[in-house]
Number of protein chains: 4
Amino acid sequence: MTKAEKMELFHRDNIADTAERLFSINGIEKTSMDQIAKEADYSKSTIYVYFKNKEEIVLYLVLKGMTEIKNGISEIIDSKDKSDEDKYYQICQVLVSLYDKSPFIFSHMMETIEMKKEERLKVPLLDDIYQVGEDINEKIAEFLKTGETNNNFKLDDKAEKLSFIYWMMLSGVIMFGNKKSQYIECQFKQNKEDFLNQVFAMMLGIIKK
Amino acid sequence: MTKAEKMELFHRDNIADTAERLFSINGIEKTSMDQIAKEADYSKSTIYVYFKNKEEIVLYLVLKGMTEIKNGISEIIDSKDKSDEDKYYQICQVLVSLYDKSPFIFSHMMETIEMKKEERLKVPLLDDIYQVGEDINEKIAEFLKTGETNNNFKLDDKAEKLSFIYWMMLSGVIMFGNKKSQYIECQFKQNKEDFLNQVFAMMLGIIKK
Amino acid sequence: MTKAEKMELFHRDNIADTAERLFSINGIEKTSMDQIAKEADYSKSTIYVYFKNKEEIVLYLVLKGMTEIKNGISEIIDSKDKSDEDKYYQICQVLVSLYDKSPFIFSHMMETIEMKKEERLKVPLLDDIYQVGEDINEKIAEFLKTGETNNNFKLDDKAEKLSFIYWMMLSGVIMFGNKKSQYIECQFKQNKEDFLNQVFAMMLGIIKK
Amino acid sequence: MTKAEKMELFHRDNIADTAERLFSINGIEKTSMDQIAKEADYSKSTIYVYFKNKEEIVLYLVLKGMTEIKNGISEIIDSKDKSDEDKYYQICQVLVSLYDKSPFIFSHMMETIEMKKEERLKVPLLDDIYQVGEDINEKIAEFLKTGETNNNFKLDDKAEKLSFIYWMMLSGVIMFGNKKSQYIECQFKQNKEDFLNQVFAMMLGIIKK
DNA sequence: CATGAATGAGGATTCATTCAT
DNA sequence: AATGAATGAATCCTCATTCAT
């Protein structure tokens with residue numbers, strides 16, 4: 001990595017981090033490029049030097065967030081001294097943490113995916129995001145298979161598909177649970193964290209032997 | 001209902017239906033009042049005669065959609081000649097149908113809920129929507145309890161809470177499943193409907209005795 | 001006056017009174033015909049049966065207000081048992097009272113006057129307003145002349161002109177004094193009424209012998 | 001002052017001057033941002049680069065106008081070779097001139113004043129305007145006191161209060177006199193200027209010894 | 001006589017993006 | 001490499017007024 005590349009990365013991260021903060025507080029739509037520029041202490045045009053447009057900032061952050069998840073769950077899955085059940089709950093926690101930091105990434109992860117690689121390549125980062133998504137799915141699939149081998153899980157379908165199903169249920173539940181946290185507290189006298197853990201447990205029941 | 005009220009309702013529905021179509025295609029934010037007016041063949045100002053603002057159109061549609069769900073599942077749950085399992089799958093189908101027609105309602109149902117009634121009452125329809133949501137939850141809770149009585153289900157927690165958990169899982173899964181339908185078809189060689197039914201079955205497993 | 005005319009007058013006053021209230025609270029520009037109609041409990045179109053447009057309501061009220069002034073000060077001036085000085089202060093009070101009730105009339109009285117009678121006649125009521133204005137001026141002029149005859153006032157110019165000058169000073173001072181009432185209270189520890197009376201006294205000094 | 005600041009000032013003044021012209025002709029409310037932009041030959045959005053909103057243009061002009069008054073009358077009051085009476089009439093002329101250029105400023109000066117400094121600070125320029133207003137009042141008060149010392153004036157109250165009273169009378173009279181200039185010419189066969197000077201003379205009589 | 005219904009014509013403000021320097 | 005300057009294109013919403021019934 002040349003010095004120039006390092007500088008570039010530095011600035012991109014600088015900008016992206018600021019954007020992440022603002023997106024998380026006010027949402028993507030209600031965060032203007034002006035705000036990002038001002039808050040990150042760059043001129044608005046400079047933002048456009050490092051990112052082609054607003055969407056690219058979003059995608060950059062999504063890629064970053066998903067990579068974090070990938071690394072987070074990989075580490076958990078690859079660790080030797082944990083039970084499969086522990087691993088499962090820790091994977092859930094990785095997602096919960098990401099939501100706490102960058103809720104808007106979840107909205108993006110729930111969006112339509114472009115299946116034609118050639119189309120994806122037209123938008124910078126889009127294909128990378130797809131790949132990381134696939135990596136995550138494979139990693140979880142691997143975890144499920146290992147669990148089955150270990151006689152902890154019982155899979156009724158292909159691991160890759162089950163992995164995807166878990167992914168979608170978890171994402172949906174975490175997003176929903178966070179949005180409705182007030183409702184949950186009022187109605188069930190239970191904080192969001194406990195509630196989510198209860199749901200995670202129920203979901204685990206599906207494959208637990 | 002007087003003739004005048006009928007006319008009013010007619011126009012409101014006319015406008016709302018057009019909006020529903022546009023919201024479903026382009027999303028709420030990217031649908032402008034101009035578009036709705038043009039497409040519904042009213043002048044822009046006339047739209048404002050029937051709806052106070054854009055949000056009211058959205059809420060009108062959300063209320064309508066949720067009321068449809070409520071009625072749909074009530075009918076199913078109250079019917080005498082169906083097994084509890086059949087009822088469950090049919091409830092799922094009600095949600096699936098609504099998504100097909102008005103996906104944006106799901107986005108709204110996943111949004112934060114205002115818990116202070118006095119605040120809800122400030123925005124027309126908001127409290128009605130809340131009430132219908134509660135009705136739906138209660139109805140599903142009732143269904144779960146009956147299922148338990150019938151020895152078909154085994155509930156590990158209060159029916160109302162389980163009802164809510166099912167609600168959020170179903171909503172999340174349907175939304176996610178639809179957004180990712182292409183992915184599902186490509187990866188798992190399975191159409192969206194079958195896929196969703198498989199997930200519904202897995203979820204049923206949680207409470208099935 | 002036929003019954004029909006009585007009805008017409010009744011409705012006009014009904015509407016105008018409501019408008020007066022709203023104009024006084026929110027100003028003319030910020031009061032919409034919708035509001036007037038709703039508040040007066042007529043349909044919006046009915047308003048247009050009794051008044052050609054919004055401006056006519058304003059003019060109707062201005063005419064009414066100015067006629068009240070005219071009558072008020074005429075009564076004072078024509079009364080036998082008051083000193084000229086008392087009469088002066090009472091005239092001032094008539095204006096003060098009108099401002100309290102209908103501040104917006106003052107704004108109108110300070111507006112440009114159309115001098116060509118043929119032009120005035122094109123807008124309903126405009127010429128009537130002009131005439132009442134003239135009447136008021138003449139009445140005050142008469143008062144000043146009597147005061148001079150009584151050896152209470154000393155006029156340095158024609159009474160009609162002085163009358164107009166007093167009219168403009170009084171109007172300006174009352175309007176200004178009301179708008180700045182908070183400032184007056186804070187800076188001079190004096191309530192608006194006392195302050196205005198002090199100014200009226202100073203102004204009286206100009207002609208007092 | 002850097003070149004950039006100069007440019008900024010140049011554009012602000014460019015825009016403000018155009019607005020001033022339009023405001024003077026058609027009034028503030030009836031002048032649209034579109035008009036200002038078109039007339040000043042900027043794009044509408046560019047206007048918003050230099051002014052936050054329409055109100056800020058108004059306040060900018062009000063501040064400018066009042067500062068002009070302040071400087072104008074300060075210069076007059078501080079000059080050594082004029083009689084107090086001359087100074088008085090020249091001060092009146094400063095106001096008359098401002099009205100000729102920017103009548104709408106007078107309307108603003110006659111509006112309610114926000115007395116809570118914290119509230120004023122929320123709107124850019126508002127507090128500055130207040131301060132300049134105070135400066136003007138103090139300067140006139142100083143003039144009155146000097147006149148008293150010089151044995152030319154006889155003050156019956158505190159100079160600051162008299163200063164304010166003169167201010168309000170003058171503003172009111174100039175505004176009224178200008179609006180009614182046609183009436184004055186027709187009725188009294190006298191041009192506006194002479195008429196106003198006559199009124200100024202009468203007003204001077206109040207404090208003249 | 002009263003009005004329900006409909007609308008044309010604005011109007012303020014926002015913001016992502018471009019481009020010359 | 002960084003940015004100051006400028007803007008085109010939207011977007012939501014308001015309201016006085018008309019007209020057929």
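These numbers come from the heavy atoms of this one structure, side chains and all, not from hydrogens, waters or symmetry mates. First the proteins, then the strands, lettered A, B, ... as listed; each starts at 1.
The CZ atom of Phe51(A) sits 17 Å away from the C1' atom of dT3(F) (whole-angstrom rounding). Atom CD of Glu56(D) and atom C1' of dT13(E) are 14 Å apart (whole Å). Per the geometry, CG belonging to Asn53(D) stands 9 Å off C1' belonging to dA12(E), to the nearest Å. Following rounding to the nearest Å, Lys38(D) (NZ) and dA6(F) (P) show an atom-to-atom distance of 20 Å. The nearest whole Å value for the distance from the CD1 atom in Ile36(D) to the P atom in dT13(E) is 11 Å. In this structure, Asp34(C) places its CG atom 7 Å from P of dA16(F), rounding to the nearest Å. As rounded to whole Å, 18 Å separates atom P of dT13(E) from atom NZ of Lys30(A). Summarising the geometry, the separation between CE on Met33(A) and P on dA5(F) is reported as 19 Å, rounded to the nearest angstrom.
Geometrically, Arg120(D) engages Tyr130(D) in a cation-pi contact defined by less than 6.0 Å to the ring centre and at most 45° from the axis.
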Next item on the list: Would you write the dot-bracket representation of DNA chain E, where each base gets (, ), [, ], | or . depending on whether it forms a Watson-Crick or G-U pair under 3.5 Å and with which partner?
Entry: .||||||||||||||||||||
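The side chain of His11(C) has dA2(E) as its nearest neighbour among dA2(E), dA6(F), dC15(E). Distances were taken from every side-chain heavy atom of Lys54(C) (C-beta onward) to each of dA6(E), dT3(E), dT17(F); the shortest belongs to dT17(F). Listed nucleotides dT7(E), dT18(E), dG8(F) differ in distance to Ser45(A); the shortest reach to its side chain belongs to dT18(E). With distances taken from any side-chain atom of Ser32(C) to the nucleotides dT14(F), dT7(F), dA16(F), the minimum falls on dA16(F). Taking only side-chain atoms of Tyr48(D), from C-beta outward, the nucleotide of dA12(E), dA5(E), dT7(F) with the closest atom is dA12(E).
Between Ile47(D) and Lys52(B), the residue anchored closer to the 5' end of DNA chain F is Ile47(D), taking for each the nucleotide with the nearest heavy atom. Nearest-nucleotide assignment on DNA chain E puts the 5′-proximal partner with Met7(B), out of Met7(B) and Thr31(A).
The CE atom of Met109(B) lies 11.0 Å from the CD1 atom of Ile129(B); values are rounded to the nearest 0.5 Å. We find the CD1-CD distance between Ile15(B) and Glu56(B) to be 11.0 Å, quoted to the nearest 0.5 Å.
Note on ring orientation: taking the six-membered ring where Trp is involved, the planes of His11(A) and Tyr50(A) are tilted (angle from 30° to 60°).
The base of dT7(E) is not paired with the side chain of Lys44(B) by any donor and acceptor separated by under 3.5 Å.
Among the heavy atoms of the strands lying under 4.0 Å from Thr46(C) is at least one base atom, whether or not backbone atoms are also near. Contact annotation for Tyr50(C): backbone-only contact, meaning every heavy-atom pair under 4.0 Å involves sugar-phosphate atoms and none involves a base.
Using modelled atom types, no side-chain atom of Ser102(A) and backbone atom of Ile105(A) make a donor-acceptor pair closer than 3.5 Å. Judged by distance alone, with hydrogens and angles left aside, the side-chain atoms of Glu5(C) form a donor-acceptor pair with the main-chain N or O of Thr2(C) at under 3.5 Å.
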Side-chain donor/acceptor pairs under 3.5 Å, residues 22-30 of chain A, sequence neighbours excluded:
from	atom 1	to	atom 2	distance (Å)
Ser24(A)	OG	Glu20(A)	O	2.9
Ser24(A)	OG	Lys101(A)	O	2.9

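Donor-acceptor pairing under 3.5 Å is lacking for the side chains of Asp128(C) and Tyr60(C).
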